[in-house]
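Here is the structure we will look at.
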Amino acid sequence: MELFRTTNIDWLGKKWYFLGFSLIFSVLGVLSMLFWHHIPLGVDFKGGTQVRVAFDQTPNEDHIRQAMDRAGVHDARIQRVSDPSGHAANKVIIALPESTATDQSHDAGRQSVESALSANYHDSAFTVEQVEIVGPTAGKQLQKQAWLATLYSLIGMLIYLWFRFELIYGVAAVVAVFHDTLITVGAFSLTNQEITLTVIAAILTLIGYSMNDTIVVFDRIRENLALSRRESLHDVVNRSINQTLSRTVISSGLTFLTVLSLYLFGGEVLHGFSFALVVGILIGTYSSIAVAAPMLVAYQDWRVSKGKSVTLPAGKRAKV
Amino acid sequence: MGKNLAGKSAFIVAVLVIFCFGIVGIPHGGLTQSIKDRIHLGLDLKGGTHLVLEVHVAEAIGSATDRDVARLEADLQKAGVVGAIVGKTDPSRPQTIIVSGIPAAKLSDARSVLQGNDYSTYDVATTADGNSALTMKVGAVRDLETRTLDTSIETIRERIDKLGVSEPVIQKYGLGENQILVELPGVDDPARVEEIIQSTAKLSIHAVTGGPYESDQAAMQANGGVIPPDSMLVHGTGSAGAPDQIWLLKRVSEVEGTDFRDAQPGQDQNGRPNIRFNLTTEAGDRFYKYTEAHTASSATPGSMAIVLDNKVREVAGIQSAIRDSGEITGAFTQQQANDLSLMLRTGALPASISYLETRTVGPSLGAASIHQGVVAAIAGMLAVMIFMLIYYRGAGINADLALMLNLIILLGFMGFTGSTLTLPGIAGVILTIGMGVDSNVLIFERIREELRAGKTASAAVEQGFKHALVTIIDTHVTTIVSALILFLFGSGPVRGFAVTLAFGLFANLFTAVLVSRVIFDTILQKKERGAALSI
């Protein structure tokens, strides 16, 4: 069985559509980050208290809210846990704002939530399943860590690609990956889903995955450039994308399949994580064809217009 | 190629056996139990409490310099320098001591004391207004910080051990921010743990110089508007309905946490819970000298305050000289007396601490997460395996074998290194499945291309592997680079994810590059020349 025997699609000819598509989603995400939901950081990064409670019976959210109000906890956010597979869960997440977990009184928020629940429910009617308390210092530190991890990851990959190919390949790949990250974070902002530590892990994974995809295409471009120096770069890039297309579709399709099963069956604890990957795999596959490869051609066109050199450096020869 | 197939196959089987051993170990009490013992589950799967706390090392530096202030005062007096004022003026710089008002005639005497061996951990400088400033050297500060952090970890470990938690993790955390990570599997009541670790963080006995007062203002008024530089105001506990009293205490403690040798809960003659303590010999001598000079019958009778976490627990007059044992009686219950003596036995923390992060996962949530994660992993893997069989027929078996071998190597790695499987770690496994398949797809697609170009089966396999290898190495190295960075800069669950991802990628390289090739070669060897390849 074969899906794509020989495709001959003019990918670069569609670059304006791609550019439009990427711009629309990037701009939508950025607008949401700036003016709408901003970047919805979870307790991990923002600091605060989050208590997950499992009730024996389907809880009434208004009832819980009243219980909290009576206990003097007025700004609690009460959210029923939703499972992507549609399981009705008797679980509720009660989140308190940052101010409840100062570095001095770390535990106050949790205590007030628990005492409010005890006062209004039988002790046997609910179980506290999970408590997360992050003080402002820890939150800031985790935020910094996440930024650094992402930044250093990108630099590490850029250096590796520079070493294996040429600088422009590395730059193009990093731009593509940045594009993916921006759109994925934008998707979190648009859907108002919280970004937690595990979501950061997912975003870093998507960076690795998208990079993977881009390298497969770049490798083929490098190989084809070394084989036929007369062909225009435009044609070489198109041919390379077409040659690797069946691999791209199968691999991404299968990875998407595993990620989708994680999204559907992985439970709501992994919900944000798998959402990031579902979006990330799609956008990462797209960007290696629609962003990274066209950038190489654009770069060469720019060089030609400056009268510098006619051909793109083929890159260090593949050691075949 | 093809020559050493037997050798390569033997190597692969050996690897397989070794990693199977990694997963199971020496079998005992059933296979599932063996696996459970080898593969450590993270707190998010097993349930438990994860705490990150910060040690306020500046306090330890502050009390070290406080002691040196007292010592310096005495030394200066001994050297005949009268009238100099020794103290610390800037609360934000606990490592700096200022000596002011040295009479001009005694300047050289004072200098020789300051620059003497006793104060070699300090840099001496003259400030703009002509005073001398002693600043603890950077190296000494760092030593003290390290020691404080190490002592804190040791103390916390002893306390946790006494609670009977199995396999706790207590270690330094972060990048030099004086933080400690405490992980307690199976404990889902962080409040009690936090209390045991923290509530009796710091105990000391101070001389009382004034009080009780009703308010800070009253204390100030009673002392002419200023708190003497060698003293401090400390509030009483105000517990058990007692009014909140304020005492003026000597800043330098007579006895502090590290001086206690032993402590036992007991009852006083009225049947009230108390704590009997013993001091170390050195501290006992010091304490004896002090108490002897200030007994009720002496010329300078005094009283002492027992300060716990910067609150006065009890104030008692000194009845007689105490050498190395004493009692603390206060308004506490027997349970509190028990806990408190546990703290004293294990030693007090050298500085107070505060909590930065608390994460608790109940066992039921953890179990549900494992179940869901495993179901997702199996579902994803099955779907992939079925697809590979349909799409690549014979070669699909290759890919499926490689996939299973991947999983065995990955789990074996985790068993050998004792690394922890977390929920994001399971996600890492699922992702490895995806990436492992990608390597096979790359190779197979390349082989198909070569076959289409009219190559023979064995030439196509040879070329296919050769071309795909470059790409596979590039993609894997970049991802390993990012996994490594994730491990270095991540924490907790993110680290677990990075570990499984990195191990998975190594396993992948092995199966995609070597195992898959050996299977192909074995098949080709058995085939006649020119026969078609099932791919």
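Lettering of chains follows the sequences in order, A, B, ..., and the numbering in each one begins at 1.
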- So which part of Leu154(A) gets closer than 4.5 Å to some heavy atom of chain B, the side chain, the backbone, both or neither? neither
- Note on the structure: Residues Met157(A) and Val481(B): closest non-hydrogen pair is N-CG1, 4.3 Å
- Item | Qualifying residue for side-chain contact (heavy atoms from CB on, under 4.5 Å) with Glu357(B), from Val43(A), Thr137(A), Ile133(A), Val134(A) | Val134(A)
- Note on the structure: Honestly, the part of Leu365(B) sitting under 4.5 Å from a heavy atom of chain A is both
- Item | Residue pair Ala383(B) / Leu257(A): nearest heavy atoms and the distance that separates them | CB-CD2, 3.5 Å
- Item | Side chain proximity check, Thr478(B) to Ile215(A), heavy atoms < 4.5 angstrom | yes
- Note on the structure: If one checks every heavy atom of Glu445(B) against chain A at 4.5 Å, the contacting part turns out to be side chain
- Item | chain A contact via Tyr392(B) - side chain, backbone, both or neither, heavy atoms under 4.5 Å | side chain
- Determine whether Val470(B) and Arg164(A) make a side-chain contact, defined as any pair of heavy atoms from C-beta on separated by less than 4.5 Å. yes
- Note on the structure: The reported gap from CZ in Arg448(B) to OG in Ser246(A) (rounded to nearest 0.5 angstrom) is 7.5 Å
- Message: Does any backbone or side-chain atom of Leu469(B) lie under 4.5 Å from a heavy atom of chain A? Answer side chain, backbone, both or neither.
- Response: neither
- How far apart are the closest heavy atoms of Ser153(A) and Ser482(B), and which atoms are they? OG-CB, 3.7 Å
- Query: Can you tell me how far CD1 of Ile378(B) sits from CZ of Phe265(A), rounded to the nearest 0.5 angstrom?
  - Reply: 12.0 Å
- Where Ala138(A) and Leu356(B) come nearest, the two heavy atoms and their spacing: CB-O, 3.5 Å
- Note on the structure: Scanning both residues in full, the closest heavy-atom pair of Thr471(B) with Asp219(A) reads CA-OD2, 2.9 Å
- Message: Rounded at 0.5 Å granularity, tell me how far OG1 in Thr475(B) sits from CZ in Phe218(A).
- Response: 14.0 Å
- Message: Between Leu488(B) and Tyr152(A), is there a side-chain heavy-atom distance shorter than 4.5 Å?
- Response: no
- Can you check whether Thr258(A) reaches Val384(B) side chain to side chain, under 4.5 Å on heavy atoms? yes
- Task: Determine whether the side chains of Gln141(A) and Gln179(B) contain a donor N or O and an acceptor N or O closer than 3.5 Å.
- Result: yes
- Note on the structure: So, the part of Tyr391(B) with a heavy atom under 4.5 Å from chain A: the answer is both
- Task: Find out whether Met388(B) and Leu254(A) are in side-chain contact, i.e. whether some heavy atom of one side chain is under 4.5 Å from a heavy atom of the other.
- Result: yes
- Message: Once rounded to the nearest 0.5 Å, what's the spacing between atom OG1 of Thr248(A) and atom CG of Leu442(B)?
- Response: 8.5 Å
- Message: Measuring only between side-chain heavy atoms, which start at C-beta, is Phe387(B) closer than 4.5 Å to Ile250(A)?
- Response: yes
- Message: Taking Lys466(B) first and then Glu223(A), would you say they form a salt bridge - that is, a charged N and a carboxylate O separated by under 4.0 Å?
- Response: no
- Note on the structure: d(Thr479(B) OG1, Tyr160(A) OH) to nearest 0.5 Å is 10.0 Å
- Provide the closest heavy-atom pair for Gln243(A) versus Glu449(B) in the form atom of the first, atom of the second, distance. O-OE2, 3.8 Å
